[in-house]
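Okay, so here's the structure we're looking at.
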There are 4 protein chains.
Amino acid sequence: MRTKNEQRPQEIIDVVAHMVIEEGISSIAMGKVAKRTGISQSNIYLYFKNKDDLLKQVFLAQKAKMSDYMRDHFSEQPGAIANMKLYARIIYQFAIENPVAMDVITQYENSPIFAQIDISAEEAEMDFDRVTVLVKQGIADGIVRDTDPYVLMAIAFDTLVRYAKSVRDKIVDPIQVPLETILDILEAAWLAPKNR
Amino acid sequence: MRTKNEQRPQEIIDVVAHMVIEEGISSIAMGKVAKRTGISQSNIYLYFKNKDDLLKQVFLAQKAKMSDYMRDHFSEQPGAIANMKLYARIIYQFAIENPVAMDVITQYENSPIFAQIDISAEEAEMDFDRVTVLVKQGIADGIVRDTDPYVLMAIAFDTLVRYAKSVRDKIVDPIQVPLETILDILEAAWLAPKNR
Amino acid sequence: MRTKNEQRPQEIIDVVAHMVIEEGISSIAMGKVAKRTGISQSNIYLYFKNKDDLLKQVFLAQKAKMSDYMRDHFSEQPGAIANMKLYARIIYQFAIENPVAMDVITQYENSPIFAQIDISAEEAEMDFDRVTVLVKQGIADGIVRDTDPYVLMAIAFDTLVRYAKSVRDKIVDPIQVPLETILDILEAAWLAPKNR
Amino acid sequence: MRTKNEQRPQEIIDVVAHMVIEEGISSIAMGKVAKRTGISQSNIYLYFKNKDDLLKQVFLAQKAKMSDYMRDHFSEQPGAIANMKLYARIIYQFAIENPVAMDVITQYENSPIFAQIDISAEEAEMDFDRVTVLVKQGIADGIVRDTDPYVLMAIAFDTLVRYAKSVRDKIVDPIQVPLETILDILEAAWLAPKNR
DNA sequence: AATGAATGAGTGTTCATTCAT
DNA sequence: AATGAATGAACACTCATTCAT
């Protein structure tokens with residue numbers, strides 16, 4: 001028998017990820033994927049059950065990339081705010097280093113296709129868990145603003161993603177508005193009122 | 001004699017906007033649009049050059065709706081922060097009152113379709129112009145944090161959109177985290193450090 | 001607007017009927033149908049909801065052909081046996097004159113595809129109704145063998161179909177075994193034992 | 001050493017026969033066959049030249065089953081009619097005991113696939129040979145109706161097959177219309193007119 | 001102006017068969 | 001001998017768009 005080409009599924013996923021940011025999820029077509037990867041259309045079905053499965057795998061691969069990146073770079077800091085800042089910093093770094101992955105993730109999360117594809121909730125949710133515990137501690141200690149940690153983290157996430165994208169698209173100049181400024185803004189937003 | 005035809009394009013746009021949030025941009029089909037509007041398929045081409053044009057008009061219509069809403073509800077307040085808060089409040093109100101329009105806007109802005117369809121940059125950009133002047137004044141007065149106004153307004157925009165969506169999706173409870181809390185957070189983010 | 005080509009659906013049905021006897025139901029493909037009719041594949045869907053619908057219409061058209069033929073040629077005779085013989089004769093004549101229709105009908109009725117396609121029972125059932133009443137009368141009069149009329153008619157139907165097919169395929173020589181012989185055999189089978 | 005391989009072709013044939021009556025010839029797919037038998041898809045081609053060959057072997061196997069059954073159960077009786085009745089009885093019994101085989105046979109014989117697959121005429125023809133000799137003797141003796149023996153036997157065959165199927169499908173109640181009635185009908189059909 | 005008819009290109013998916021080991 | 005990998009051709013069906021009136 002022929003030996004299996006082990007890298008192929010990953011290769012396909014990578015190609016589709018690029019196609020997603022180039023043309024959008026909605027115009028991903030199995031035929032185009034085949035053409036871009038140079039394998040026959042029917043062959044894609046050896047690795048993926050169907051188109052939905054392929055799209056799901058593409059999304060999960062990017063999520064995994066981000067999770068791995070976070071795991072590799074995050075280490076607990078002294079103080080809730082320091083942890084939150086580190087978290088934000090890592091997201092930015094990831095967005096800069098992996099623009100494709102980041103774009104794919106945000107595009108999926110804003111697409112109704114995403115809702116149709118059956119992705120279990122835990123797979124889909126932003127992985128705020130680890131830092132959320134620390135945020136809660138910060139709130140208990142009176143350092144962090146006493147409100148839903150999800151809201152605080154979401155603000156950070158959205159802001160960093162937008163910032164990274166703006167920098168990439170040259171809408172914002174990172175010299176004039178460096179990452180540190182964004183982190184300062186977020187710190188101000190996070191801090192408990194009495195702590196200012 | 002008022003002809004029915006002049007309403008038709010708007011009617012089609014409204015229908016498509018609803019279809020976009022129901023099924024996503026990708027599954028908009030001219031045939032379905034024809035069926036939903038009761039207009040013959042070929043007739044759509046009397047009002048729109050092609051599908052891309054239709055989708056573009058749909059997007060621009062929602063943008064216009066938001067601009068109109070802003071114009072109708074915004075009135076200059078004393079103090080930069082008050083203006084910014086009002087601006088944020090209006091965005092939230094619009095998102096709540098016009099979920100379809102808001103969804104369409106964010107869906108488009110996160111999709112490369114957006115880039116492919118020929119929309120001139122000024123049409124696409126968030127219309128921060130009016131409040132931007134006031135923000136700049138606030139910065140000059142030393143009240144508002146001295147950084148790119150676009151960044152400050154984008155944080156507000158993204159945060160409110162996410163908040164409105166989270167409320168709608170019941171991820172965030174508006175009783176526990178009321179709009180005022182979000183505005184407080186934004187105020188903290190906006191204020192010049194020395195003003196805290 | 002273009003004027004509708006009214007004959008097209010019928011034309012398609014005729015072509016498919018011929019394809020059925022040439023290649024079998026199972027190898028009917030929309031692409032082949034399109035090629036044979038000379039219209040574009042997508043156009044078939046203007047006239048038929050889908051392939052199942054097309055196959056169903058093809059079958060029903062042949063059934064209708066047979067029903068019409070029976071209606072046009074059957075007239076009540078004096079005596080049950082005379083009626084049954086006339087019925088048998090008409091079936092034979094129809095099979096000879098409409099070999100395609102007859103083949104399609106028998107092929108459908110022996111195919112599991114037939115079961116999958118949703119054809120209401122009354123549409124599918126052999127139309128023995130009219131003659132059945134007369135057979136029952138014959139039984140009541142003691143002329144016809146006292147058993148299920150369906151069985152008696154089915155024997156006639158199967159026998160005539162086989163006979164017509166055998167004649168066509170030159171397995172049986174109609175000079176040596178004329179239709180009258182078959183009818184004699186059937187008469188013997190039908191007659192009540194005491195009437196012999 | 002008995003190798004497993006020699007049973008494999010037969011095993012495949014049996015599986016396909018069942019699939020034929022479950023889903024019809026048309027939906028037999030080599031992939032499905034492989035899955036059902038647990039043999040790898042490409043391995044089927046070790047035993048069968050191609051799909052047509054497989055289908056042909058399936059058909060011939062059922063024919064052989066019927067021939068064997070006939071050989072095992074038929075024994076010459078005194079009197080032509082007795083022989084013919086026994087023949088008919090055996091066909092019925094076979095149809096009841098081997099519905100799969102019987103269904104496959106009739107499904108094939110009513111399909112042009114049958115004609116396309118290269119099956120030599122003698123393989124395909126109903127094997128009336130043995131009893132035909134006896135029928136001819138009956139005709140010579142003036143007991144059996146003087147006509148083509150093939151016609152007489154075909155009537156019996158078709159009638160029994162239809163009867164068995166009707167009983168199975170509960171269209172005919174075997175209590176109300178027992179096999180003996182069918183045999184009586186056939187006897188009446190067979191007998192030379194003067195012998196009634 | 002208005003529209004039903006028409007279609008070629010494309011959609012996702014399955015399939016019989018061959019290849020390479 | 002045995003089999004997983006691979007594929008081109010086909011499958012049913014949809015679509016954006018144009019045509020003819």
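By convention in this document, chain letters (A, B, ...) are assigned in the order of the sequence lines, proteins followed by strands, and residues within each chain are numbered from 1.
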Check the distance between [N]'s [atom2] and [X]'s [atom1] and give it to me in whole angstrom.
X       : N      : atom1 : atom2 : result
B/Leu55 : F/dT17 : CG    : P     : 10 Å
B/Gln41 : F/dT18 : CD    : C1'   : 11 Å
B/Lys49 : F/dT18 : NZ    : P     : 9 Å
C/Glu11 : E/dA6  : CD    : P     : 11 Å
D/Asn50 : E/dA16 : CG    : P     : 11 Å
D/Asn43 : E/dT18 : CG    : P     : 14 Å
D/Tyr45 : E/dC15 : OH    : P     : 12 Å

(message) Counting the atoms with a prime plus P, OP1 and OP2 as sugar-phosphate, which does D/Ile28 contact under 4.0 Å by heavy atoms, base, sugar-phosphate, or nothing?
(response)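 Sugar-phosphate: the residue D/Ile28, judged by heavy atoms under 4.0 Å, touches backbone atoms but no base.
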(message) Over all strands shown, is C/Lys32 touching base, sugar-phosphate only, or nothing at heavy-atom distances under 4.0 angstrom?
(response)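 It contacts sugar-phosphate atoms only.
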(message) Both B/Ser42 and C/Ser42 contact DNA chain F. Taking the nearest nucleotide for each, which residue is further toward the 5' end?
(response)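 Result: C/Ser42.
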(request) Return the 5'-most residue of the pair D/Ile39, A/Gly38 with respect to DNA chain F, ranking by each residue's nearest nucleotide. (result)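 Mapping each residue to its closest nucleotide by heavy atoms, the 5'-most match is D/Ile39.
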(message) Between A/Arg8 and F/dG4, is there a contact of a side-chain N or O with OP1 or OP2 at under 4.0 Å?
(response)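 For A/Arg8, the contact criterion (side-chain N or O under 4.0 Å from OP1 or OP2 of F/dG4) is not met.
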(request) Check whether any side-chain nitrogen or oxygen of C/Tyr47 sits under 4.0 Å from OP1 or OP2 of E/dA6, and answer yes or no. (result)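 Yes, C/Tyr47 has a side-chain N/O under 4.0 Å of OP1/OP2 on E/dA6.
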(message) I need the single residue from B/Thr37, B/Val20, B/Ile39, B/Ile28 that forms a side chain to side chain contact (heavy atoms under 4.5 Å, CB included) with B/Val15. Which is it?
(response)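 The residue from B/Thr37, B/Val20, B/Ile39, B/Ile28 that satisfies side chain to side chain contact (heavy atoms under 4.5 Å, CB included) with B/Val15 turns out to be B/Thr37.
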(request) Can you tell me the pairing partner of E/dA6 across any strand shown, Watson-Crick or G-U wobble, with both distances under 3.5 angstrom? (result)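 The answer is F/dT17, by the H-bond criterion.
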(request) Run the salt-bridge test on B/Asp52 and B/Lys56 with the 4.0 Å N-O cut-off and return the result as yes or no. (result)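 Judged by the 4.0 Å cut-off on N to carboxylate O distance, B/Asp52 and B/Lys56 do not form a salt bridge.
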(request) Indicate yes or no: at least one non-hydrogen side-chain atom of B/Arg36 is less than 4.5 angstrom from one of B/His18. (result)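 SC-SC contact between B/Arg36 and B/His18 confirmed.
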(request) Determine whether C/Gln57 and C/Pro9 make a side-chain contact, defined as any pair of heavy atoms from C-beta on separated by less than 4.5 Å. (result)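 Side chain of C/Gln57 against side chain of C/Pro9, heavy atoms only: no contact under 4.5 Å found.
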